[in-house]
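Throughout, protein chains are lettered first and strands after them, A, B, ... in sequence-line order, and every chain is numbered starting at 1. Only a predicted model underlies this, so the values are computations on that prediction, with no experimental measurement involved.
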Amino acid sequence: MIDILNTISRWAIPLLFLGITTWAISRGVSVYESFVEGAKEGFHTAVRILPYLVAMLVAIQIFHHSGALDRLTSFIAPLTSRFGIPSDILPLALMRPLSGSGSLGILAQILETHGPDSLIGYLASTIYGSTETTFYVLTVYTGAVGVKRIRHSLITSLIADIAGFLGAIYIVLRFFA
Amino acid sequence: MISQIWFLMIAAGVLTAAGRGQIDLVTQGALQGAEQAVTVAFGLVGIIAFWSGMMRIAQDAGLIELLSRAMTPLARKLFPEVPPNHPAMGALLLSMSANLLGLGNACTPLGLKAMEHLQELNKTPNTATNSMCTFLTVTSSSLTIIPGTVIAFRAAHGSTAPTAIIGTTLVATLCSTLVAIITDRILRRIM
């Protein structure tokens, strides 16, 4: 099974390159010129998203480093444990929408202490795999095009994150416990 | 709303660090965050340029139109305001396909491209359109078939069954995406 998945993930992108260029050549597109024309925009985009990344990552790192994240975790742990949610998982759930690399670090910590094939390990893996870094997506995507009023998208995304989190707990407990 | 959360994170961080008598942690965190932002942004330059180039080839070859046509029924339901043959539709479809395959780094440039095209359709440029909100929530709820990073991570930590979480991940991600779509439909009328 892992071999098949490995093969898929190793071949997906190369095949995509081959597919796109072959199709384009066969339709008479001058692929090199087209590519360069498109690639010109790349640097511009990266520079445009930088201020949004700085704003977000600085706030997140302050929140994480200062120990405020841990405080928040221990504050809501009594509440969540009443619903059978293991408190070991809370830092990951809180960090996941904020920072991809930050939550990956927490995932590593959990897999290290509890083992990847423990219940907590399965839970942490499922939570990490089933959600995106909400704040990154929202700030960077809207920042890049200059949208300032994001309306209901933040609250919707956070509700969806909570739904994914609860869904992960439910299915993992049913499946592995 | 982002402003309030941003402020709360900083304020809570400073107060917590002060309370613990380790105010240095704030400065350290800030420096690290700023540095990380540059690493991430400039780490993306090459790959964004590359994907933009590939996208342009696909566009010039008419591939986007083809893909759009195949997935139009679904996309039309999700993004009724986007004309089916507008480049925004193709970009949206490509970005969502990349997400579905768990292509990771490929998703950001494709997503930004989609946002740029959606912005062309936007009559009030500083406010997000319905389509943008739908796209943002669907992207951030991330419907994933293969959670590649996690599988690799589990294997690296000596798991005997690194792929065991694919099924549970699919259920959880379906759950969050469905809730995202439904909530988006409800809240777009009032916000």
Side-chain angles (χ1 to χ4, degrees), chain A residues 1-2 9 12 20 23-24 27 29 31 34-35 37-39 41-43 45-46 49-50 53-54 57-59 61-63 65-68 71 111 116-117 122 125-126 128-130 132 134 137-138 141 144-145 147-154 156-157 159-160 163-164 167-168 171-172 175, chain B residues 1 6 9-10 12-13 16-17 20 25-26 28-30 32-34 36-37 40-41 44-45 48-49 52-53 55-58 60-61 111-112 115-116 119 126-128 133 136-137 139-142 147-148 150 154 157 159-160 163 165 168-169 171-173 175-176 179-180 183-184 187 191:
Chain A
M1 185 64 179
I2 182 126
S9 39
I20 291 177
W23 175 270
R27 304 198 78 202
V29 174
V31 285
S34 282
F35 181 89
E37 206 47 53
E41 297 156 23
F43 186 74
T45 310
I49 63 175
L50 183 64
L53 276 174
V54 172
L57 287 174
V58 165
Q61 291 292 10
I62 289 176
F63 190 65
H65 269 254
S66 64
R71 284 277 166 91
L111 294 184
D117 300 323
Y122 284 132
S125 310
T126 302
Y128 187 91
S130 61
E132 251 293 337
T134 300
V137 171
L138 291 189
Y141 281 29
V145 295
V147 164
K148 296 203 172 59
R149 284 194 56 231
I150 59 166
R151 295 168 61 207
H152 59 288
S153 50
L154 178 62
T156 307
S157 302
I159 290 173
I171 193 71
V172 166
F175 209 72
Chain B
M1 182 134 181
W6 192 75
M9 281 197 287
I10 292 178
T16 310
R20 294 171 66 198
L25 294 176
V26 174
Q28 271 171 35
Q32 225 176 71
Q36 206 184 340
V40 172
L44 279 171
V45 172
I48 287 184
S52 304
M55 283 281 288
R56 181 61 66 89
I57 295 180
D60 290 349
L112 292 177
M115 286 298 287
E116 278 163 23
Q119 184 71 341
N126 62 351
T127 306
C133 290
L136 289 170
T137 49
T139 304
S140 71
S141 78
S142 147
V150 176
R154 291 173 55 76
H157 281 86
S159 170
T160 50
T163 55
I165 44 87
T168 53
T169 304
V171 172
T173 193
C175 187
S176 68
V179 169
T183 314
D184 171 57
L187 290 183
M191 286 170 94

Apply side-chain hydrogen bond (donor to acceptor under 3.5 Å, both in side chains) to B:Gln119 and list each qualifying residue two or more places apart in sequence or on a separate chain.
B:Asn122
Under the side-chain hydrogen bond (donor to acceptor under 3.5 Å, both in side chains) test, which residues partner A:Thr134, sequence neighbours left out?
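A:Thr134: side-chain hydrogen bond (donor to acceptor under 3.5 Å, both in side chains) contacts with A:Asp161.
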For the pair A:Tyr122 and B:Thr168, evaluate side-chain contact (heavy atoms from CB on, under 4.5 Å) and give the outcome as yes or no after the intermediate values.
CA-CA 9 Å; A:Tyr122 284 132; B:Thr168 53; over 6 Å; no
Contacting moiety of A:Tyr141, where chain B heavy atoms sit under 4.5 Å:
both
Taking all heavy atoms of [X] and all of [Y], pick out the closest pair and write down the distance.
| X | Y | answer |
| --- | --- | --- |
| A:Glu132 | B:Thr139 | CG-O, 3.5 Å |
| B:Ala172 | A:Thr126 | CB-CG2, 4.1 Å |
| B:Ser176 | A:Ala160 | CB-O, 3.1 Å |
| B:Thr16 | A:Ala68 | OG1-CB, 3.4 Å |
| B:Arg56 | A:Gly38 | CB-CA, 3.8 Å |
| B:Thr137 | A:Ser157 | CG2-OG, 3.5 Å |

If you round to the nearest 0.5 Å, how far is [atom2] of [Y] from [atom1] of [X]?
| X | Y | atom1 | atom2 | value |
| --- | --- | --- | --- | --- |
| B:Arg20 | A:Ser66 | CZ | OG | 7.5 Å |
| A:Ile159 | B:Thr183 | CD1 | OG1 | 5.0 Å |
| A:Trp23 | B:Ile57 | CH2 | CD1 | 14.5 Å |

Using a cut-off of under 4.5 Å on heavy-atom pairs, state which of B:Val150, B:Asn126, B:Val179 scores highest against chain A.
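Option with the greatest count: B:Asn126.
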When only pairs under 4.5 Å are counted, which of B:Ser141, B:Ala180, B:Ala17, B:Ala30 shares the most heavy-atom pairs with chain A?
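Option with the top pair count is B:Ala30.
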Applying side-chain contact (heavy atoms from CB on, under 4.5 Å), run through A:His65 and B:Val26 and close with a yes or a no.
CA-CA 7 Å; A:His65 269 254; B:Val26 174; over 6 Å; no
Any side-chain donor near an acceptor of the partner, B:Thr160 and A:Asp117, under 3.5 Å
yes
Please lay out, stage by stage, how A:Ile62 and B:Met9 fare under the test side-chain contact (heavy atoms from CB on, under 4.5 Å).
CA-CA 7 Å; A:Ile62 289 176; B:Met9 281 197 287; over 6 Å; no
Is B:Arg154 close to chain A through its backbone or its side chain, or both, or neither, when contacts mean heavy atoms under 4.5 Å?
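Backbone plus side chain of B:Arg154, per the 4.5 Å heavy-atom cut-off to chain A.
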Less than 4.5 Å to any heavy atom of chain A: does that hold for the side chain of B:Val171, its backbone, both, or neither?
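Contact with chain A: side chain only.
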